[in-house]
Colleague: 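After the structure tokens below, expect a handful of questions from me.
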Amino acid sequence: MSARLVLLGGALMLGLWVAGCDDGETVRPPTDGGTSLDSGTDGGDSGTVDAGDGGGGGSSDFACNVAKQEGCAAGQSCLYTDLADGGTGSQCFAAACDVVRQDCPSGQRCTYVGTDGGTTARQCVAAGTATEGAPCTLAESPPGQTYDTCAAGLYCKDESQDDGGTGFFCRKLCHAPSDCGSGECNTVLRLNGTRELPLVCGPASARCDPFAQDCESPLACYPAANGAVCAGQGSLPEGAACEFSNQCSQSSTCVMTGGSGTCRTLCRLPAGSPGCANGATCRAINNNNGDVGACVP
């Protein structure tokens, strides 16, 4: 019996679903994403997720399907969010517009608008002129409002530069990989004043061999939706509770069983090396090389 890969987010944090029959894939966003243009906090590298097909099964934390925009009423968008217990999931949020569908009147765009009161919300505002990849800044907004100079469908994101400084560039907003012309829908924006965690298109994650562990330190190789990729390395041992695969130590992954996750060792199929110890069974990880599996008791 093959298991189903369930993406859980985080620089690329994911898990292996070994119970149930939902065909979707579930994504959780990272815990340390980028900051907003006017956040007043340090920038730094955004976390990334591989969005896969999205999904609504595998955890009650996911109330709707972000990638497919399913499970919400009219006038709502399905977005990732931080949960009260410290975890992450997806929820339906009502707003005036959707930043990916761009359903505002002609000449306007949907974007995140900050207010003097400290809140941030999606609103229809005048479209900017800065194109994808172009530098951007704050626009001349109505009194009490702040938003950027990017064109419709884009957001002005902070990015670390080679000289140690921070630059701001327009990046395409997305719900799923199909929204990105190149790269992946894998970068989470953390914006002051809202619980919503929107995504923008980012570069593709580096591919790797989970058995050779050929990523540059401090990264390790973890199974992902479309093959193994390099991600930030965790330290949780075999059998430890987990939400994300790269919380687990090198050469392991987060296996989801009955709604909870456990770090399990990677193994090679069929009956190859490395194998499984203590009577565990090596189960395949979908959408990876046919020989990549995880040891499940």
Side-chain angles (χ1 to χ4, degrees), residues 7 9 27-30 33-39 43 45-54 64-70 72 75-82 88 90-114 120-139 141 145-159 167-204:
L7 299 179
V27 186
R28 289 189 183 179
T35 57
S36 65
L37 182 65
D38 57 338
S39 64
D45 292 337
S46 295
T48 61
V49 298
D50 187 339
D53 292 331
C64 55
N65 186 315
V66 174
K68 296 180 180 180
Q69 286 298 295
E70 294 177 346
C72 296
Q76 296 180 333
S77 298
C78 181
L79 296 164
Y80 300 115
T81 187
D82 291 320
T88 49
S90 64
Q91 293 182 5
C92 297
F93 292 92
C97 56
D98 185 281
V99 295
V100 176
R101 291 195 294 265
Q102 288 297 315
D103 45 0
C104 291
S106 177
Q108 294 187 323
R109 64 158 174 155
C110 184
T111 192
Y112 284 92
V113 178
T120 298
R122 286 175 278 137
Q123 294 183 33
C124 293
V125 298
T129 58
T131 57
E132 185 174 4
C136 49
T137 186
L138 290 178
S141 309
Q145 292 188 338
T146 55
Y147 52 89
D148 61 51
T149 55
C150 295
L154 309 177
Y155 188 84
C156 191
K157 180 185 170 298
D158 58 321
E159 298 177 7
F168 295 89
F169 304 91
C170 293
R171 301 302 179 195
K172 189 174 183 181
L173 291 147
C174 58
H175 291 317
S178 58
D179 296 323
C180 301
S182 61
E184 298 172 1
C185 183
N186 60 6
T187 302
V188 172
L189 297 175
R190 287 187 174 273
L191 313 177
N192 284 355
T194 179
R195 292 181 56 245
E196 298 179 4
L197 298 176
L199 300 174
V200 294
C201 302

Colleague: Quick check against the 3.5 Å criterion: does Thr149 have a side-chain atom that pairs as donor or acceptor with the backbone of Thr137?
Modeller: yes

Colleague: Before you tell me yes or no, could you show the steps for Cys180 and Cys201 under disulfide bond (SG atoms under 2.5 Å apart), namely the whole-Å CA-CA distance, both residues' side-chain angles and the distance that decides it to 0.1 Å?
Modeller: CA-CA 6 Å; Cys180 301; Cys201 302; 2.0 Å; yes

Colleague: To check you understand the geometry: which heavy-atom pair defines the closest contact between Asp179 and Lys172, and what is its length?
Modeller: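 Heavy-atom minimum between the residues: O-NZ, 2.8 Å.
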
Colleague: So how far is it from Asp82 CG to Gln91 CD, rounded to the nearest 0.5 Å?
Modeller: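 One gets 10.0 Å once the value is rounded to the nearest 0.5 Å.
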
Colleague: Provide the closest heavy-atom pair for Val188 versus Leu199 in the form atom of the first, atom of the second, distance.
Modeller: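 Answer, listing the atom of Val188 first, then Leu199: CG2-CD2, 3.3 Å.
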
Colleague: Using modelled atom types only, decide if a donor and an acceptor are shared between the side chain of Lys157 and the backbone of Leu189 within a distance under 3.5 Å.
Modeller: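 No, Lys157 side chain to Leu189 backbone: no donor-acceptor pair under 3.5 Å.
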
Colleague: Compare every heavy atom of Tyr80 with every heavy atom of Phe93, then report the nearest pair and how far apart it is.
Modeller: CE1-O, 4.4 Å

Colleague: Do you know which two heavy atoms are closest between Thr194 and Thr120, and how far apart they sit?
Modeller: CB-O, 3.5 Å

Colleague: Hey, could you give me the SG/CG distance between Cys124 and Asp103, rounded to the nearest 0.5 Å?
Modeller: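 Answer for the SG-CG pair, Cys124 versus Asp103, is 6.5 Å.
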
Colleague: Got a sec, which residues hit side-chain hydrogen bond (donor to acceptor under 3.5 Å, both in side chains) with Arg109, two or more places apart in sequence or on another chain?
Modeller: Asp148

Colleague: Does one side chain, of Gln123 or Tyr147, offer a donor that lies under 3.5 Å from an acceptor on the other?
Modeller: no

Colleague: To check you understand the geometry: which heavy-atom pair defines the closest contact between Arg122 and Asp98, and what is its length?
Modeller: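 Distance-wise, the nearest heavy atoms are NH1-CA, 4.1 Å.
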
Colleague: Just so I know, are the side chains of Gln69 and Val100 near enough to count as touching, which here means a heavy-atom distance under 4.5 Å?
Modeller: no

Colleague: Does the SG-to-SG distance between Cys78 and Cys92 fall under 2.5 Å?
Modeller: no

Colleague: For Leu173 and Pro198, work out which heavy atoms get closest and say how close.
Modeller: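 Nearest pair, atom of Leu173 first, then Pro198: CD2-CB, 4.4 Å.
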
Colleague: For Cys156, run the disulfide bond (SG atoms under 2.5 Å apart) check against Cys136, Cys150, Cys170 and tell me which one passes.
Modeller: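 Running disulfide bond (SG atoms under 2.5 Å apart) over Cys136, Cys150, Cys170 with Cys156 returns exactly one hit, Cys136.
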
Colleague: Could you tell me whether the SG atom of Cys185 lies less than 2.5 angstrom from the SG atom of Cys174?
Modeller: yes

Colleague: Applying side-chain hydrogen bond (donor to acceptor under 3.5 Å, both in side chains), can you list everything that pairs with Thr111, at least two apart in sequence or on another chain?
Modeller: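 Counting only residues at least two positions away or on another chain, Thr111 forms no side-chain hydrogen bond (donor to acceptor under 3.5 Å, both in side chains).
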
Colleague: Can you confirm whether Pro135 sits close enough to Phe169 that some side-chain heavy atom of one is under 4.5 Å from a side-chain heavy atom of the other?
Modeller: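 They are in side-chain contact.
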
